[in-house]
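In what follows, chains carry the letters A, B, and so on, assigned in the order in which the sequence lines appear, proteins first and then strands, with residues in each chain numbered from 1. Given the structure is predicted, the values throughout are model-derived calculations rather than measurements. The basis for the numbers below is simple: all heavy atoms, side chains too, and nothing from hydrogens, waters or symmetry mates.
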Amino acid sequence: MARFLITSALPYINGVKHLGNLAGSMLPSDVHARFRRMQGHEVLFICATDEHGTPAELAAAEAGVDVRAYCDEQHDVQKRAGEGFRLSFDWFGRSSNPPNHRLTQHFCEVLEKNGLIEERVSRQVYSIDDGRFLPDRYVEGTCPVCAFERARGDQCDNCGSLLDPVDLKNPRSKISGSSNLEVRDTAHLFLKQGQMQDRIRAWVDAATEWPSLARSIAYKWLDEGLIDRAITRDLSWGVRVTKDGAPRPGFEEKVFYVWFDAPVEYIGATVEWAEATGNDWRRWWRTDEGAGDVTYVQVMGKDNVAFHTVSFPVTIMGSGEPWKLVDRLKAFNWVTWYGGKFSTSEKRGIFMDQALEIAPSDVWRWHLMANAPESSDAAFTLEQFQAGVNADLANVFGNFVNRITRFCAAKFDATAPGEGSETELETKLRADVAAKLAAITQHHEDMEFRKAAAETRALWALGNEYLQVAAPWTAIKTDPARAAVGVRMGLNLAALFAVVALPFIPDAATAVLDGLRVAPDKRVWPKAESAAALALVDVGQTIAPPDVLFKKIEDADVAAWSERFGAG
RNA sequence: GGUGGCGUAGCUCAGUUGGUUAGAGCGUGGGAUUCAUAACCCCAAGGUCGGUGGUUCAAUUCCACCCGCCACCA
């Protein structure tokens, strides 16, 4: 038994996430957490909403509510969506909660003591009417190069020139439209990442087990050279900047940059969990207080890799304190909507709340993991979704459970029969099952979700192949004992299939196990070589055929959804 | 613009440390079966492995360039 700390990249507070966000971090981390728990390991699975930053402020303003209220509401919405998808977080926290504030302030202070923080003054655009400094992207004006009238402060979308907002002609606030702007000096804290370059590189060098996507992104940043980054912003919504525990002089109107405090929330959320449940968070995060034997697994989309392989490690390592660093990192590419981007504004794609309106969570979980964007971007299409889900879940798995349990109910009084002895057919089946189990286990351990799903499906197919040959419906006419062997084996296969499917499709798998009366203590990850893997249903046990597990997705459904979600 | 990734059967993807007939699922066609959600099982057809050159006895696999798509950075 080992200990696994698993974190999913934090979903930003700004609205319900779409299927790509789900498939790229929250869902795979959940599948892995479930798998590790089933293996009997001690698992702590943490996620949270990432709530600070300008986009949250702007979204709140647009909604006409204050930021805190907006985040309260959106956090609940996202929490419910997560529950709807059966994401088994041990804690779903909030980066705006006090533990994260304390920790973020702590990290900044120790980094400063270690000479890694520097205060620098820069010139920035201040909007008098908005009463705030404007981030570069929120200043609009006429491009000094091409005269395009809606150039952004950081770049002109028309000619591509890189700009400084101070250079724009007729600048105005993108927030209020006000042109009552001026340039002011403002101080910010800079994290001197450059000083940590060698230590980070050595650490990445040693991380040979990371996937190539993660390492190549880390090396790209390291090769370009780590630049010192401003870790504060002129905003009101965020973590206050302190010095020696008190408000830092000159920084009363500033907060930490969201990318500085967001990853700290992995720890902060663990503290929230500990405070709420009476557990000890230090034994998960402090290597001097029991976290030395923890394997820390991070799951994220590729856009987050640099922050997890470089920026956050700079914070952690730069603190000089014995914090737990990531051991295994799994990065995903994007799920695309018919090859293009998901788009909220153009109503292209499906978001988590909508998805649950049209199909059960298991169906999405299965399809998104069986087609996870692991090696490259993966296209989601409703047609593929329909075909794959109907074939894998309804036809192969669901129908197998249905045919064997109904046959048992009709001919064996819904009781697992004990007669008959196994033949070479069963011997071969056991060997095939053991081989598949070994492969599935390995893929789960490697966090190769696509392969794990494919092999799980292949395991299910073994059941149908077996029944086809064993044909208890034929044998029962001449050799009831032979039929009994087939039914007994079939019931046990159904139970095993469900156990192995628990990480992917927990609801349906649980329904099967409940119907087969498999005791909770038997719902653990099976060892491939163990005969126990096919001894989950006791002889003489009465079973209840579950209802049809998966309703098929009809062509009419696809047509309606295409209309609704803008397919193709 | 720079950097990286990708481009393999109708579709979604594996794979090849360079070497006889390139794989899976879906879809399609045929057969078998009837316990079952017209499901399951078996068989088959389908690809000059993005293009052009190069290295090599041999390249889909290495190299160069080109085209297309994607991401990141500036």
Original post:
What pairs of residues pass the side chain to side chain donor-acceptor pair (under 3.5 Å) test when at least one of them lies in residues 410-422 of chain A, not counting sequence neighbours?
Top reply: Glu422(A)-Arg430(A)
Subject >> Nearest listed nucleotide, side chain of Arg450(A), among rU12(B), rG25(B), rC40(B) >> reply: rU12(B)
Subject >> Length of the line joining Ile404(A):CD1 and rA36(B):P, which is rounded to integer Å >> reply: 11 Å
**OP:** Sort by first number and list every stem of RNA chain B: at least 3 consecutive Watson-Crick or G-U wobble pairs, both distances under 3.5 Å.
**Re:** B:1-7 with B:67-73, B:10-13 with B:23-26, B:28-31 with B:41-44, B:50-54 with B:62-66
**OP:** Output every pair passing side chain to side chain donor-acceptor pair (under 3.5 Å) with a member in residues 397-409 of chain A, not counting sequence neighbours, ordered by first then second residue.
**Re:** Asn402(A)-Arg406(A), Arg403(A)-Asn464(A)
Original post:
Taking only residues two or more places apart in sequence or in another chain, which ones pass side chain to side chain contact (heavy atoms under 4.5 Å, CB included) with Ala306(A)?
Top reply: Ile217(A), Trp221(A)
**OP:** Check whether the aromatic ring of Trp473(A) stacks on the base of rC35(B), taking stacking as ring centres less than 5.5 Å apart and planes within 30° of each other.
**Re:** yes
Subject >> First encountered from the 5' end of RNA chain B, between Ala394(A) and Phe307(A) >> reply: Ala394(A)
Protein-nucleotides 2-11 of chain B N/O pairs closer than 3.5 Å?
| unit_1 | atom_1 | unit_2 | atom_2 | d |
| --- | --- | --- | --- | --- |
| rC11(B) | O2' | Gln384(A) | OE1 | 3.1 |

Original post:
So, Glu426(A) versus Thr423(A): side-chain donor-acceptor pair below 3.5 Å or not?
Top reply: yes
Ignoring hydrogens and angles, write down the donor-acceptor pairs under 3.5 Å from the side chains of residues 494-505 of chain A, residues two or more places apart or on other chains.
none

Original post:
With sequence neighbours excluded, what pairs up with Glu118(A) under the side chain to side chain contact (heavy atoms under 4.5 Å, CB included) test?
Top reply: Arg120(A), Lys192(A)
**OP:** Select one nucleotide: of rC35(B), rC40(B), rU37(B), the one nearest the side-chain heavy atoms of Asn402(A).
**Re:** rU37(B)
Original post:
What residues form a side-chain hydrogen bond (donor to acceptor under 3.5 Å, both in side chains) with Asp205(A), not counting sequence neighbours?
Top reply: Tyr219(A)
Subject >> Sequence neighbours excluded - side chain to side chain donor-acceptor pair (under 3.5 Å) pairs with any residue from residues 355-364 of chain A >> reply: Glu357(A)-Arg564(A)
**OP:** Pull out every residue in residues 477-508 of chain A that has a heavy atom closer than 4.0 Å to any atom of RNA chain B, ordered by number, or say none.
**Re:** none
**OP:** Not counting sequence neighbours, list each pair that qualifies as a side chain to side chain donor-acceptor pair (under 3.5 Å) and has a residue in residues 536-556 of chain A.
**Re:** Gln386(A)-Asp555(A), Asn395(A)-Lys552(A), Lys522(A)-Asp538(A)
Subject >> Arg86(A) with Asp507(A): basic N within carboxylate O range, under 4.0 Å >> reply: yes
**OP:** For Leu549(A), report the nucleic acid contact type (base, sugar-phosphate, nothing); a contact means any heavy atom under 4.0 Å.
**Re:** base
Original post:
Of Lys451(A) and Val396(A), whose closest RNA chain B nucleotide lies nearer the 5' terminus?
Top reply: Lys451(A)
Original post:
Considering only rC41(B), rC13(B), rA39(B), which nucleotide approaches the side chain of Ala461(A) most closely?
Top reply: rC41(B)
**OP:** Determine the contact category for Asn395(A): base if any of its heavy atoms lies under 4.0 Å from a base atom, sugar-phosphate if only primed atoms, P, OP1 or OP2 are that close, otherwise nothing.
**Re:** sugar-phosphate
Subject >> Minimum-distance nucleotide (side-chain atoms of Asn371(A) versus rU37(B), rU34(B), rU12(B)) >> reply: rU12(B)
**OP:** For rG46(B), measure the glycosidic angle (O4'-C1'-N9-C4 for a purine, O4'-C1'-N1-C2 for a pyrimidine) and name it syn if it falls within 90° of 0, otherwise anti.
**Re:** syn
Subject >> Partner set under side chain to side chain contact (heavy atoms under 4.5 Å, CB included) for Lys17(A), not counting sequence neighbours >> reply: Pro11(A), Tyr12(A), Asn21(A), Met26(A), Gln78(A), Met352(A)
Original post:
Expressed in angstrom and rounded to an integer, what is the separation of Arg403(A) atom CZ from rC35(B) atom C1'?
Top reply: 6 Å
